[in-house]
**Student:** 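Structure incoming, see below.
Start at 1 and go down the list; that is how both ligands and their atoms are numbered. For clarity, every value in this text was computed on a predicted model and none was experimentally measured.
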Amino acid sequence: MSQQSESPSSNESAPGARRFGILLLDDEEGILESLELTLGDEYRIHSARTGEEAPEILEREEIALVISDQVMPGMSGVDFLERVKERRPQALRMMLTGYADLGSLTRAINQGHIYRYVPKPWEPDELRLNVRRAVETFALQEQNSRLARELEQANERLRRENVFLRREVERRYAFDQLIGESPAMLRVFDVIEKVAATDATVLVTGETGTGKDLVARAIHYAGARKERRFVAQNCGALPETLLESELFGHRRGAFTGAHADKKGLFELADGGTIFLDEIGETRPGMQVRLLRVLQDGEIRALGSSETRKVDVRVIAATNRDLRTEVAERRFREDLFYRLRVVEIHLPPLRERRTDIPALAHRFLDQVGRKMARSLEGFTQAAMERLLAHPWPGNVRELENEIERVVALSGDATRVSVDMLSEEIRGAGETSLPAAEDGSGAVVQDLNKAVDSLKRRMIEEAIRETGSKSRAAERLGIPRQSLQKMMKRLGLGGDDD
Ligand SMILES: Nc1ncnc2c1ncn2[C@@H]1O[C@H](COP(=O)(O)OP(=O)(O)OP(=O)(O)O)[C@@H](O)[C@H]1O
Ligand SMILES: [Mg+2]
């Protein structure tokens, strides 16, 4: 045989010696001892006298190979190895047999339950060689399945990356999605365009639903960083430590549950833009860390002592009044000034009602396409109601209203007053006789009707005179009364 050339010094340990475990099962102590003598130098040997001891060893130890005697009291070796196969399919199995019980042995080999059988008595060198081959086979199988697992994980990562890229492409055209014709929005577009060409930090403010998200994306995708990532994080959604780990990353073991190193969003956004939404919700500790990034462009992962430079443009947004937050010491003044290098304020929809028709038509088209309904527009009366409603939820509320209308539109071809929801139907009803669009809507609540009329008159007076003081004069009431009335009617009592 050629074992001499394969194992030139079979007593010396092979590379990676004793890395692999072998389980020996035999009821004769003497056999176990001599097997241990033959194999103990190269492998970790675990011996068992009965089949009952074996499962625990298989459970506890990394076993590459099981060598079992064929004839034992209680259970045959073939049966035992079959059970091993169920428990640890990856371990190879060898049978030691004194006289060939050919029937069961051939069956076992043919069914793949055992890898090889060793005749008793054995040649030590031959046994060593056979065991070495078995262990190599085991190691190859292990490597194979590890590689397969890694490949699967890599595929999964790629798939996720793909989904991310596709979604970003869909959002790319955020600027085209921004609709507005009011002077206020035209000014906003102008600022977006100018600021997009720079790396300046931007603070976007405005009530909920005014389009802060959309504006942040528009700035990113209109600028030089558009080929790199735009990542968004809602700072109000997570407890402080988790938020810190999301933004700055963490090292393995930084806190319970940190099983591996993790990159933070600042690092992922390197070269691109990070959007810190709801910045007004951050706690003082987080504010200090953000200040540091804005000042030095440096981040430090949780649990790490090293800092790292990143090149990230920061856009922040909030629907809180940060000046009040600063005055009441909930928000750091230095951070506030660092953030609002440029501030873009999005006025509530009720202060730019001229945007309503364009927005309503855009949503009608969009939603109509999505739901496969084609409505060609609004009746004049319906549009007037949309124009008169105060829209506390701003553009998002308008979008939702249109979605609701389209979903319930049946076979209507135009949106009429009776299709609008009740709060909106109520708006502006005084100046609109119920008969006008045949909806049959009638003025049922005198107070509501009067409010609606007042709202209209005030808005008109302000529009035509250009200031609240002159509007008050025209309406024949003191300025303070006008202020109060506007507040109550949801017209925004801010000074002009
Ligand atoms: N000017 C606009 N043109 C077209 N769609 C808009 C406009 N402004 C807002 N929208 C749409 O209105 C919805 C709400 O906008 P967005 O999520 O940007 O608001 P937000 O200010 O971030 O609100 P929140 O403070 O609640 O997060 C979105 O579906 C957005 O696409
Ligand atoms: Mg938002």
**Student:** Quick check on E240: does its CD atom have over 12 non-hydrogen neighbours (other residues, nucleotides or ligands) under 6.0 Å away?
**Tutor:**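 Atom CD in E240 is crowded, with more than 12 foreign heavy atoms closer than 6.0 Å.
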
**Student:** Regarding E343 and R323, does a basic nitrogen lie under 4.0 Å from an acidic carboxylate oxygen?
**Tutor:**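 Yes, E343 and R323 are salt-bridged.
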
**Student:** With salt bridge (Lys or Arg N to Asp or Glu O under 4.0 Å) as the test, pick out the partner of E207 among K212, R396, R350.
**Tutor:**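 Going through the options one by one, the only one that passes is R350.
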
**Student:** Would you say V395 and ligand 1 have an N/O pair spaced under 3.5 Å apart?
**Tutor:**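 By distance alone, the answer is no.
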
**Student:** Could you tell me the residue and atom name of the protein heavy atom closest to atom 16 (P) of ligand 1, and the distance to it rounded to 0.1 Å?
**Tutor:**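 Nearest neighbour among protein heavy atoms for atom 16 (P) of ligand 1, to 0.1 Å: G211 CA, 3.7 Å.
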
**Student:** Any atoms of ligand 1 less than 4.0 Å from a non-hydrogen atom of N319? List them with their elements.
**Tutor:**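 Near N319, the atoms of ligand 1 are 25 (O).
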
**Student:** Just let me know how F363 lines up against ligand 1, side chain, backbone, both or neither, with a heavy-atom cut-off below 4.0 Å.
**Tutor:**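 The answer is the side chain.
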
**Student:** Quick check: does D213 get an N/O under 3.5 Å from an N/O on ligand 1?
**Tutor:**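 Checking ligand 1 against D213, an N or O pair does fall under 3.5 Å apart.
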
**Student:** Just need the protein heavy atom nearest to atom 25 (O) of ligand 1, so name the residue and atom and give the distance.
**Tutor:**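 Nearest neighbour among protein heavy atoms for atom 25 (O) of ligand 1, to 0.1 Å: K212 NZ, 2.6 Å.
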
**Student:** Going by the rule side-chain contact (heavy atoms from CB on, under 4.5 Å), which residues pair with V135 if we only count those two or more places apart in sequence or in a different chain?
**Tutor:**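 For V135 the side-chain contact (heavy atoms from CB on, under 4.5 Å) partners, ignoring immediate neighbours, are F20, Y43, V131.
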
**Student:** For a distance under 2.8 Å, give residue and atom name for each protein N, O or S atom next to the Mg ion (ligand 2).
**Tutor:**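 Within the sphere that stays under 2.8 Å of the Mg ion (ligand 2), the protein atoms of type N, O or S are D213 OD1.
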
**Student:** Taking E56 first and then R60, would you say they form a salt bridge - that is, a charged N and a carboxylate O separated by under 4.0 Å?
**Tutor:**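 Salt bridge between E56 and R60, a charged N being under 4.0 Å from a carboxylate O: yes.
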
**Student:** Does R146 pair with E150 as a salt bridge, N-O distance under 4.0 Å?
**Tutor:**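 A salt bridge links R146 with E150.
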
**Student:** Any side-chain donor-acceptor pair under 3.5 Å between N394 and T210?
**Tutor:**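 No, because no side-chain N or O of N394 sits under 3.5 Å from a partner of the opposite role on T210.
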
**Student:** Considering residues, nucleotides and ligands other than Q480, do more than 12 of their heavy atoms fall under 6.0 Å from its CD?
**Tutor:**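 No, because the 6.0 Å sphere around CD of Q480 holds 12 heavy atoms or fewer from other groups.
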
**Student:** Count the heavy atoms belonging to other residues, nucleotides or ligands that lie under 6.0 Å from OH of Y337, then report whether that count exceeds 12.
**Tutor:**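 Open: at most 12 neighbouring heavy atoms sit under 6.0 Å from OH of Y337.
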
**Student:** Please determine whether any non-hydrogen atom of G180 lies less than 4.0 Å from an atom of ligand 1.
**Tutor:**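 Checking ligand 1 against G180, which is what was asked, there is no heavy-atom contact under 4.0 Å.
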
**Student:** Check ligand 1 against L359 and write out every atom of the ligand that is under 4.0 Å from a heavy-atom position of the residue.
**Tutor:**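 Result: 2 (C), 3 (N), 4 (C).
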
**Student:** Counting heavy atoms only, which of L214, T318, L346 is nearest atom 5 (N) of ligand 1?
**Tutor:**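 Closest candidate by heavy-atom distance is L214.
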
**Student:** List ligand 1 atoms under 4.0 Å from I179, heavy atoms only on the residue side.
**Tutor:**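 Within the 4.0 Å cut-off of I179, ligand 1 contributes 1 (N), 2 (C), 3 (N), 4 (C).
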
**Student:** What protein heavy atom sits nearest atom 23 (O) of ligand 1, and how far off is it?
**Tutor:**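 Heavy-atom neighbour on the protein nearest atom 23 (O) of ligand 1: G209 N, 2.8 Å.
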
**Student:** Can you report which non-hydrogen protein atom sits closest to atom 26 (O) of ligand 1, along with the distance?
**Tutor:**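 Here the nearest protein heavy atom works out to T208 OG1, 2.6 Å.
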
**Student:** Examine the proximity of ligand 1 to L178 and report which part, side chain or backbone, both or neither, has a heavy atom under 4.0 Å away.
**Tutor:**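 It is both backbone and side chain that touch ligand 1.
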
**Student:** Please check if any side-chain donor atom of H389 sits under 3.5 Å from a side-chain acceptor atom of E397, or the reverse.
**Tutor:**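 Short answer, yes.
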
**Student:** Tell me whether the rings of F266 and F248 are parallel (<30°), tilted (30 to 60°) or perpendicular (>60°).
**Tutor:**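 Rings of F266 and F248: parallel, under 30°.
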
**Student:** In terms of side-chain heavy atoms, does R479 have a donor or acceptor partner in S469 at a distance below 3.5 Å?
**Tutor:**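 Their side chains do contain a donor-acceptor pair, which is all the 3.5 Å distance test asks for.
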
**Student:** For ligand 1, find out whether one of its N or O atoms is nearer than 3.5 Å to an N or O atom of E278.
**Tutor:**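 In fact, backbone or side chain, E278 has no N or O that close.
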
**Student:** Which option wins on minimum heavy-atom distance to atom 24 (P) of ligand 1: Q177, E399, E397, R396?
**Tutor:**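 Among Q177, E399, E397, R396, the closest heavy atom to atom 24 (P) of ligand 1 comes from R396.
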
**Student:** Does a side chain donor of either T201 or R338 reach within less than 3.5 Å of an acceptor in the other side chain?
**Tutor:**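 Their side chains do not contain a donor-acceptor pair, so the 3.5 Å distance test is not met.
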
